[in-house]
2 protein chains.
Amino acid sequence: MARQIAERAEIVPLLGEVFREHGYEGASLSVIGKATGLGKGSLYHFFPGGKEEMAAAVLAEVDAWFEAHIYAPLRDETDAAAALARTTEAVIAYFRSGRRVCLVGAFALDQTRDRFAAAIRRYFARWVEALAEALTRLGRDPAAARAAAEGAVASLQGALVLARATGEPALFERVVRRDLAALLAP
Amino acid sequence: MARQIAERAEIVPLLGEVFREHGYEGASLSVIGKATGLGKGSLYHFFPGGKEEMAAAVLAEVDAWFEAHIYAPLRDETDAAAALARTTEAVIAYFRSGRRVCLVGAFALDQTRDRFAAAIRRYFARWVEALAEALTRLGRDPAAARAAAEGAVASLQGALVLARATGEPALFERVVRRDLAALLAP
DNA sequence: GTCTATAAAGCGATAGAC
DNA sequence: GTCTATCGCTTTATAGAC
């Protein structure tokens, strides 16, 4: 009986969960093998660059997801308030209401940051920019919009940390919804 | 020529920096040895429980520092507004204006959390409680105070993540000072 | 495409000399 | 108290059979 998984694209989401749960250092090939159901031979077949290429693939997928579901709507939609509300719900769903950790944030904290510095910087820079753009269209002056945007992204990231630290996922949704309300009615 | 360091208390802060920079998994004994200038023999002399005991000692020191310099003033000082302002400055200094990462937050994100669950939970719970207590003394009703407190701690934690991710430490101080202003004048 | 076997290096931890 | 040597295990990565 052969393996079911035959495509790189099917493996990447599984890798994402492993890196989220264990961090880059903690995600050993044996853990990855268990989570994907693949042996080392198969893993190196799909990712000749090993663990680093696996993590890079996950980061690329995360980037594409946020571009499509968060950044683009925030930047481009005519109704900025609606885009803000809708992308907030999408983010809450993405992070499983606080039960899922932010891979990029986790990578940023330790030395893993140096390995993927460009992707990590880009992730947060674009998030803040897209949010600031939407707030500007809502009528805030650009400087205030940028400040509010970086505050909101920081708050969301920290809420993920606290939610996981205290074992209280609901904290995440609570904080993020409060932030959204403050952004819409300043 | 003998080693200069002869006390456990002198080693713990060095261990703290290593765990902050590399995370628990990434902080190998060889890295720890280099940072402390001690061989494995000496390290196991001071910490018979190995790496886990080292990290536990660091967490205990962090807890003691926050209790003395943050939680106690927030809970006990008569002038709650002054305590809030003063502990905020202390926190900014503690995190080196955004150049230092929160060890407890970093531990919380990956599987390391399970190893030190009680200490991690306690750290954030007491921080939020102490902050809520001060805000209550400022006249906020208890529920609003608690909500504002958990929001402020989350915001601070996320600001540390963003500051490190973007390589812009100043972001941390900016966000934290803005939060303080919002807490004092709601 | 997937597996097992294997290599080389690094890991946490221990023992024992000094 | 500090060191070096070493153990047993796990790590990433490769090779080669199927």
Side-chain angles (χ1 to χ4, degrees), chain A residues 1-59 103 106-107 110-116, chain B residues 1-60 103 106-107 110-116 119:
Chain A
M1 71 130 201
R3 273 268 102 244
Q4 258 65 17
I5 297 173
E7 287 197 51
R8 213 179 112 120
E10 298 175 46
I11 309 170
V12 175
L14 300 174
L15 294 176
E17 294 312 312
V18 175
F19 284 121
R20 258 180 272 270
E21 282 166 29
H22 295 81
Y24 184 79
E25 296 289 341
S28 72
L29 287 188
S30 79
V31 170
I32 292 171
K34 254 172 231 158
T36 58
L38 293 170
K40 297 178 189 181
S42 301
L43 289 171
Y44 275 92
H45 170 73
F46 289 116
F47 306 92
K51 214 168 99 166
E52 181 150 3
E53 189 177 338
M54 298 180 206
V58 173
L59 285 171
L103 177 85
F107 278 11
D110 60 31
Q111 298 259 108
T112 310
R113 186 199 57 167
D114 302 334
R115 216 186 269 267
F116 305 108
Chain B
M1 70 130 202
R3 273 267 102 246
Q4 258 65 19
I5 298 173
E7 287 196 52
R8 215 178 112 119
E10 299 175 45
I11 308 171
V12 175
L14 300 174
L15 295 176
E17 295 311 313
V18 175
F19 284 121
R20 256 181 273 270
E21 282 166 27
H22 296 82
Y24 184 79
E25 295 290 341
S28 72
L29 286 189
S30 80
V31 169
I32 292 172
K34 255 172 230 159
T36 57
L38 293 169
K40 296 180 186 181
S42 301
L43 289 171
Y44 274 90
H45 170 73
F46 289 116
F47 306 93
K51 214 167 100 166
E52 181 150 4
E53 188 178 338
M54 298 180 207
V58 172
L59 285 171
L103 177 85
F107 277 11
D110 61 31
Q111 298 259 111
T112 310
R113 185 199 56 166
D114 303 333
R115 215 187 269 266
F116 305 107

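Below, read A as the first sequence line, B as the second, and so on, with proteins coming before strands; counting in each chain starts at 1.
Residues A:Lys51 and A:Tyr24 are in side-chain contact: their nearest non-hydrogen atoms beyond the backbone lie under 4.5 Å apart. B:Leu103 places a side-chain heavy atom less than 4.5 Å from the side chain of B:Arg20.
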Assess the residue pair B:Glu52 and B:Phe116 against the criterion (side-chain contact (heavy atoms from CB on, under 4.5 Å)); give the C-alpha distance rounded to whole Å, side-chain angles, the decisive distance to 0.1 Å, and a yes or no. CA-CA 9 Å; B:Glu52 181 150 4; B:Phe116 305 107; 4.1 Å; yes
Evaluate the side-chain contact (heavy atoms from CB on, under 4.5 Å) criterion for residues B:Met54 and B:Phe46: first the C-alpha distance (whole Å), next the side-chain angles of each, then the deciding distance (0.1 Å), finally the verdict. CA-CA 9 Å; B:Met54 298 180 207; B:Phe46 289 116; over 6 Å; no
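Atom OH of A:Tyr24 is separated from atom C1' of D:dT12 by 10 Å (rounded to the nearest Å). Taking atom CD of A:Glu7 as the reference point, atom C1' of C:dT2 lies 16 Å away to the nearest angstrom. One atom, CZ of B:Phe46, and another, P of C:dG12, lie 19 Å apart when rounded to the nearest Å. Atom P of nucleotide C:dC11 and atom CD1 of B:Ile32 are separated by 10 Å, given to the nearest angstrom. Note: CD (B:Glu52) to P (C:dA13) measures 8 Å, nearest angstrom. A straight line from CG of B:Leu29 to C1' of D:dA5 spans 16 Å, rounded to a whole angstrom.
Residue contacts for A:Gly50: at a heavy-atom cut-off of 4.0 Å it reaches the sugar-phosphate backbone alone, with no base atom in range. Using a 4.0 Å heavy-atom cutoff across all strands shown, B:Lys40 reaches at least one base atom of the nucleic acid.
A perpendicular orientation is assigned to the rings of B:Phe19 and B:Phe107, their planes being inclined by more than 60° (bins at 30° and 60°).
When the nucleotides C:dG12, C:dC3, D:dT2 are ranked by their closest atom to the side chain of B:His45, D:dT2 comes out on top. You'll find that the side chain of A:Ser30 is closest to D:dT11, out of C:dC11, D:dA13, D:dT11. Distances were taken from every side-chain heavy atom of B:Ser42 (C-beta onward) to each of D:dC3, D:dT12, C:dG12; the shortest belongs to D:dC3.
Under the side-chain contact (heavy atoms from CB on, under 4.5 Å) criterion, B:Ala106 pairs with A:Leu109, B:Val101, sequence neighbours left out.
The overall bend of the helix from C:dG1-D:dC18 to C:dC18-D:dG1, read as the angle between its terminal helix axes built from five base pairs each, is 0° when rounded to 10 degrees.
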